[in-house]
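Just so it is clear, the structure is predicted and the values come from calculations on it, not from any experiment. Position 1 is the first residue of the sequence, and the numbers go up from there.
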Amino acid sequence: MLPRFQGLGRDRQLLLFEALATLTLASAALRALPFKRAIRLGSIGLGIPKPRMSVEDVVWAIEAVGRRLPWKIVCIQSGIAAQRMMRRRGIEAMLHYGIANERSSSRLEAHVWVSVNGNPVLGGAEAREFAPVATYP
């Protein structure tokens with residue numbers, strides 16, 4: 001894995017480090033803070049646009065790092081981290097929180113996804129099954 005990392009450009013390497021830090025922050029916040037406060041961690045003000053980095057670059061970094069962490073990353077950590085990283089880059093990312101009833105057990109399930117310009121960019125494949133409850137910011 002290290003040779004692949006070394007073969008990446010400096011921008012992508014830094015993006016992976018940022019994804020690591022932001023996923024760690026999101027995971028810690030969800031454990032330590034009340035839910036209402038933790039979920040808003042990604043709802044920062046829009047930063048200065050950075051045209052070199054795209055939405056796809058941020059999603060790639062979140063997914064690449066999330067697969068390699070020693071703890072389980074689920075949609076809520078990925079969503080908070082992706083939203084925060086995108087908004088830092090001036091991308092108006094929205095975090096959506098939805099719920100659905102699981103048909104077999106009647107259990108309530110939750111899902112988080114991120115959209116840009118109304119189009120899901122992370123967690124969108126599953127989003128169709130969930131009724132939106134809240135959108136941040």
Side-chain angles (χ1 to χ4, degrees):
M1 183 166 86
L2 190 57
R4 279 199 305 192
F5 177 78
Q6 290 173 332
L8 296 173
R10 187 174 192 286
D11 286 344
R12 283 211 157 208
Q13 289 176 344
L14 291 173
L15 192 63
L16 288 173
F17 281 122
E18 182 184 353
L20 172 62
T22 310
L23 282 167
T24 302
L25 176 66
S27 296
L30 286 163
R31 288 189 176 271
L33 298 174
F35 179 78
K36 284 185 175 186
R37 235 174 116 202
I39 194 90
R40 288 188 170 90
L41 187 69
S43 298
I44 61 174
L46 292 177
I48 298 168
K50 296 179 182 168
R52 291 186 318 214
M53 290 292 161
S54 68
V55 168
E56 292 80 15
D57 291 328
V58 172
V59 171
W60 165 80
I62 293 291
E63 290 176 345
V65 171
R67 285 190 303 268
R68 290 167 174 85
L69 288 174
W71 65 90
K72 184 175 178 153
I73 295 294
V74 294
C75 61
I76 193 162
Q77 290 108 322
S78 295
I80 290 170
Q83 182 192 30
R84 186 176 182 89
M85 288 175 65
M86 288 178 200
R87 292 186 69 82
R88 277 193 65 234
R89 289 165 173 74
I91 300 166
E92 196 160 345
M94 306 295 283
L95 184 109
H96 306 274
Y97 182 78
I99 58 170
N101 276 329
E102 185 185 84
R103 292 185 180 120
S104 63
S105 68
S106 296
R107 255 185 28 214
L108 197 61
E109 291 187 339
H111 181 59
V112 168
W113 64 97
V114 176
S115 70
V116 174
N117 298 324
N119 299 313
V121 295
L122 182 74
E126 300 89 355
R128 292 181 286 249
E129 302 170 23
F130 293 83
V133 175
T135 301
Y136 303 91

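Within a 6.0 Å radius of CG in L108, other residues, nucleotides and ligands contribute more than 12 heavy atoms. Annotation for Q13: atom CD counts as buried by contact number, over 12 foreign heavy atoms lying within 6.0 Å. Around the CZ atom of F35, the shell of radius 6.0 Å holds more than 12 heavy atoms that belong to other residues, nucleotides or ligands.
In this structure, L23 and G66 approach most closely via the heavy-atom pair CD1-N, 3.8 Å. Counting all heavy atoms, side chain and backbone alike, A93 lies closest to P137 at O-CD, 4.0 Å. The heavy-atom pair separating P120 from G124 by the smallest distance is CB-CA, 3.5 Å. Shortest non-hydrogen contact noted between G79 and V114 is O-CG2, 3.5 Å. Taking every heavy atom of both residues into account, S78 and I73 meet most closely at OG-CG2, 3.2 Å.
Residue M94 is not grouped with residue Y136 when hydrophobic side chains (ILVMFWY) are merged at heavy-atom distances under 4.5 angstrom, including chains of intermediate members. When the side chains of ILVMFWY residues are joined at heavy-atom separations under 4.5 Å, either directly or via intervening members, F17 and L25 end up in a single hydrophobic cluster.
Counting side-chain heavy-atom gaps under 4.5 Å among Ile, Leu, Val, Met, Phe, Trp and Tyr, the cluster of F130 also holds W113.
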Discussion item. Under the criterion side-chain contact (heavy atoms from CB on, under 4.5 Å), I'd like the reasoning laid out for L16 against L8: C-alpha separation, chi angles, the key distance, then a yes or no.
Written reply: CA-CA 10 Å; L16 288 173; L8 296 173; 3.5 Å; yes
Fill in: Step-by-step side-chain contact (heavy atoms from CB on, under 4.5 Å) determination, M86 to V59
CA-CA 9 Å; M86 288 178 200; V59 171; 3.8 Å; yes
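Residues V74 and V112 fail the side-chain proximity criterion, which asks for heavy atoms closer than 4.5 Å. Looking at heavy atoms from C-beta onward, L30 lies in side-chain contact with I80 at the 4.5 angstrom threshold. Residues R68 and L20 have side chains not in contact (no heavy-atom distance under 4.5 Å, counting atoms from C-beta outward).
For residues 25-45, the side-chain hydrogen bond (donor to acceptor under 3.5 Å, both in side chains) pairs, not counting sequence neighbours, are S27-W71. Residues in residues 117-126 take part in no side-chain hydrogen bond (donor to acceptor under 3.5 Å, both in side chains) pair, two or more places apart or across chains.
The salt bridge (charged side-chain N to carboxylate O under 4.0 Å, His left out) check on R89 picks up E18, with sequence neighbours excluded. Listed by chain and number, the residues in a side chain to side chain donor-acceptor pair (under 3.5 Å) with H96 are S115, T135 (sequence neighbours excluded). With sequence neighbours excluded, the residues forming a side chain to side chain donor-acceptor pair (under 3.5 Å) with R12 are D57, listed by chain and number.
Taken from CG in L33 to CG in L41, the straight-line distance is 8.0 Å, to the nearest 0.5 Å. We find the CG-CD1 distance between L122 and I62 to be 7.5 Å, quoted to the nearest 0.5 Å. Between the OG1 atom of T24 and the CD atom of Q77 there is a distance of 10.0 Å, given to the nearest 0.5 Å. Rounding to the nearest 0.5 angstrom, the gap separating the CZ atom in R88 from the OG1 atom in T22 is 7.0 Å. Between the CD1 atom of I39 and the CD1 atom of I76 there is a distance of 4.0 Å, given to the nearest 0.5 Å. Between M85 atom CE and I44 atom CD1 the span is 10.5 Å, to the nearest 0.5 Å.
In terms of modelled atom types and a separation under 3.5 Å, the side chain of H111 and the main chain of A100 share no donor-acceptor contact.
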